[in-house]
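Let me begin by presenting the structure, written as structure tokens, before commenting on it.
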There are 2 protein chains.
Amino acid sequence: MVPPRASGGDKRRMILDAAVVAFARRGFHACRVSDIADEANVAYGLVYHYFRSKDEILDTLFLDRWNVLLAFIAQTAAERTPPRDKLHAIAAAIIDFYRYDPALMKVIIVEVMRSANTFGLRHTDKIAEAYVLIGEIVASGQATGSFKREVSPRFAALAFYGAIEQVLTGWIFGMLPEGDEEFDRAKSAIVETICGGLDDMSYRAASVRSV
Amino acid sequence: MVPPRASGGDKRRMILDAAVVAFARRGFHACRVSDIADEANVAYGLVYHYFRSKDEILDTLFLDRWNVLLAFIAQTAAERTPPRDKLHAIAAAIIDFYRYDPALMKVIIVEVMRSANTFGLRHTDKIAEAYVLIGEIVASGQATGSFKREVSPRFAALAFYGAIEQVLTGWIFGMLPEGDEEFDRAKSAIVETICGGLDDMSYRAASVRSV
DNA sequence: CCCGCAGTTGACTGACCAGTCAATCCGGGA
DNA sequence: TCCCGGATTGACTGGTCAGTCAACTGCGGG
């Protein structure tokens with residue numbers, strides 16, 4: 001799998017790591033290939049020895065990480081735990097991805113997930129896979145009766161993922177305080193909002209009674 | 001307010017409308033200023049008579065629309081209706097913005113809201129205003145007891161807005177079917193998910209009872 | 001009738017940058 | 001030792017555009 005010479009894969013890895021830093025700092029468009037090469041301490045041309053284009057670097061960054069995430073979601077979905085726990089595990093995984101490599105997650109969210117006309121469309125199907133898996137979790141929750149049937153699994157999946165992405169975006173752009181405590185609180189808050197809802201049931205019951 | 005000569009404001013308006021079409025078609029980056037001028041049937045240079053730069057056109061497009069939306073949210077928040085109805089009204093307004101001018105909403109979502117490193121950051125404060133207003137609705141719902149207090153208003157606002165944006169994104173990229181019926185269903189589905197939650201309370205109560 | 005100016009035109013410039021390529025380096029096998 | 005081929009280098013090219021500017025038009029006031 002790994003080429004015999006360490007330096008070969010080594011430099012490739014260095015370029016990839018440098019690209020994360022460079023893309024995260026200035027954004028994909030504003031970042032020049034020479035920025036990546038400089039950051040990696042490598043000659044300009046070497047970037048094109050390992051990658052066909054600047055785009056391919058971003059694609060690689062995204063796909064490597066996204067496939068790991070998809071595998072995790074699929075595995076989680078297959079387990080025999082309550083659907084609410086599954087959603088919590090998925091929210092936790094995504095948030096921890098950000099916690100342990102914020103620059104890479106920033107690049108993936110900002111430059112791929114959220115950048116429609118350029119890269120998003122190239123990976124629409126890959127992204128949709130995640131929605132489908134999450135939707136299946138919701139559907140099976142409805143089938144066993146732990147989730148109600150008012151909301152279609154598809155919408156629920158979008159709402160769930162959308163909430164997570166919005167919170168990540170808040171961290172990425174410094175609109176929300178970061179920290180281990182905030183990360184863990186966010187996991188619970190998202191799941192509590194989507195699963196538990198905002199409505200206070202006792203209040204609701206009271207007002208229904210009073211009618 | 002309107003300049004005496006119709007043609008002056010007229011051309012400006014034509015350029016703005018053409019920009020919406022051009023940005024929506026190819027994306028802000030891929031779209032050249034000449035594309036806008038062509039679309040508007042106007043000379044290249046005239047674009048620079050009315051706007052300082054290509055960026056300023058996008059800014060104008062965004063701010064004009066966003067201010068209308070902010071005003072609507074503020075007005076809705078001030079009314080004396082249940083918080084759940086307020087959230088429904090806001091979701092409806094955003095979705096109807098898309099329904100009646102999909103190209104403009106696409107540009108705003110894709111090129112401003114979702115395009116961090118370039119434009120998003122320039123308008124972070126404007127965008128945050130919406131979050132704050134929505135958060136206040138949630139907070140007042142908690143104060144009157146119709147919303148429970150487990151979730152912080154700030155997170156609830158992010159989740160609510162995130163769910164809407166995700167659904168809009170689904171329409172924009174053709175991942176979700178569009179249509180009047182879908183639009184109305186989405187409004188209810190989003191509010192039902194965020195307010196009502198996915199959990200089936202009767203199931204929950206039953207399993208608690210059985211313990 | 002002429003002047004002035006806002007509105008309008010489009011060719012041109014200057015900068016930028018992705019991607020190319022010919023040259024060089026260097027390790028290992030014969 | 002010599003040769004081969006992958007790794008590495010960075011100057012250079014080609015094309016793309018945002019933004020400039022000098023020139024033209026036509027209307028309204030003097």
Side-chain angles (χ1 to χ4, degrees), chain A residues 1-62 107 111-112 115 117-119 122, chain B residues 1-62 107 111-112 115 117-119 122:
Chain A
M1 195 63 84
V2 177
R5 284 154 130 265
S7 68
D10 207 17
K11 288 284 173 72
R12 196 187 128 95
R13 186 71 259 159
M14 283 167 72
I15 291 169
L16 244 16
D17 291 342
V20 170
V21 175
F23 291 162
R25 182 163 47 221
R26 319 199 27 199
F28 178 80
H29 285 289
C31 160
R32 288 156 293 171
V33 174
S34 63
D35 291 337
I36 300 173
D38 290 351
E39 183 71 35
N41 284 312
V42 138
Y44 185 95
L46 195 62
V47 174
Y48 287 90
H49 180 72
Y50 288 106
F51 301 95
R52 252 191 296 263
S53 66
K54 188 184 167 190
D55 285 12
E56 195 183 84
I57 299 175
L58 182 54
D59 283 345
T60 304
L61 251 19
F62 167 73
V107 169
E111 307 297 343
V112 183
S115 92
N117 278 323
T118 25
F119 281 88
R122 185 135 90 248
Chain B
M1 194 65 83
V2 178
R5 280 155 133 264
S7 70
D10 207 18
K11 288 286 174 73
R12 196 187 128 96
R13 185 71 260 158
M14 284 167 72
I15 291 169
L16 244 15
D17 291 342
V20 170
V21 175
F23 290 163
R25 182 162 46 221
R26 322 198 25 199
F28 178 79
H29 285 289
C31 159
R32 288 156 293 170
V33 173
S34 64
D35 292 337
I36 301 173
D38 290 351
E39 184 71 35
N41 282 314
V42 136
Y44 186 96
L46 195 63
V47 174
Y48 287 91
H49 180 71
Y50 288 107
F51 301 95
R52 251 192 296 264
S53 67
K54 189 183 167 191
D55 284 13
E56 197 183 82
I57 298 175
L58 182 54
D59 283 345
T60 304
L61 251 19
F62 167 73
V107 170
E111 306 298 343
V112 183
S115 92
N117 278 323
T118 25
F119 281 87
R122 184 135 90 248

Quiz item: Is any side-chain heavy atom of B:Ile57 closer than 4.5 Å to a side-chain heavy atom of B:Leu16?
Solution: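 B:Ile57 reaches B:Leu16 side chain to side chain.
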Donor-acceptor pair, distance only, cut-off 3.5 Å: does the side chain of [X] make one with the backbone of [Y]?
| X | Y | value |
| --- | --- | --- |
| A:Glu111 | A:Phe28 | yes |
| B:Lys54 | B:Cys31 | yes |
| B:Asp35 | B:Arg32 | yes |

Which listed nucleotide ([options]) is nearest to the side chain of [X]?
| X | options | answer |
| --- | --- | --- |
| A:Leu46 | D:dT8, C:dT9, C:dA18 | D:dT8 |
| B:Lys54 | D:dG19, D:dT8, C:dT20 | D:dG19 |
| B:His49 | D:dT8, D:dA18, C:dT8 | C:dT8 |
| B:Val33 | D:dA18, C:dG7, D:dT8 | D:dA18 |
| B:Arg32 | D:dA7, D:dC17, C:dG19 | D:dC17 |

Can you tell me the distance, in whole Å, between the [atom1] atom of [X] and the [atom2] atom of [N]?
| X | N | atom1 | atom2 | value |
| --- | --- | --- | --- | --- |
| B:His29 | C:dC17 | NE2 | C1' | 15 Å |
| A:Ile36 | D:dT9 | CD1 | P | 15 Å |
| A:Phe51 | C:dA18 | CZ | P | 15 Å |
| B:Arg26 | D:dT16 | CZ | P | 11 Å |
| B:Arg12 | C:dA6 | CZ | C1' | 16 Å |
| B:Tyr50 | D:dA18 | OH | C1' | 20 Å |
| B:Met14 | C:dG7 | CE | P | 15 Å |
| A:Leu58 | C:dA18 | CG | C1' | 15 Å |

Practice problem: Please report the shortest heavy-atom distance between A:Val47 and A:Ile15, naming the atom on each side. | Solution: CA-CD1, 4.0 Å
Do any side-chain nitrogens or oxygens of [X] fall under 4.0 Å of OP1 or OP2 in [N]?
| X | N | answer |
| --- | --- | --- |
| B:Lys11 | C:dG7 | no |
| B:Tyr44 | C:dG10 | no |
| A:Tyr48 | C:dC21 | no |

Practice problem: Could you tell me whether B:Ser34 contacts a base, only the sugar-phosphate backbone, or nothing, with contacts defined as non-hydrogen atoms closer than 4.0 Å? | Solution: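 The answer is nothing, as B:Ser34 stays clear of every strand by at least 4.0 Å.
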Quiz item: Is A:Val42 touching bases, backbone alone, or none of the nucleic acid, heavy atoms closer than 4.0 Å?
Solution: sugar-phosphate
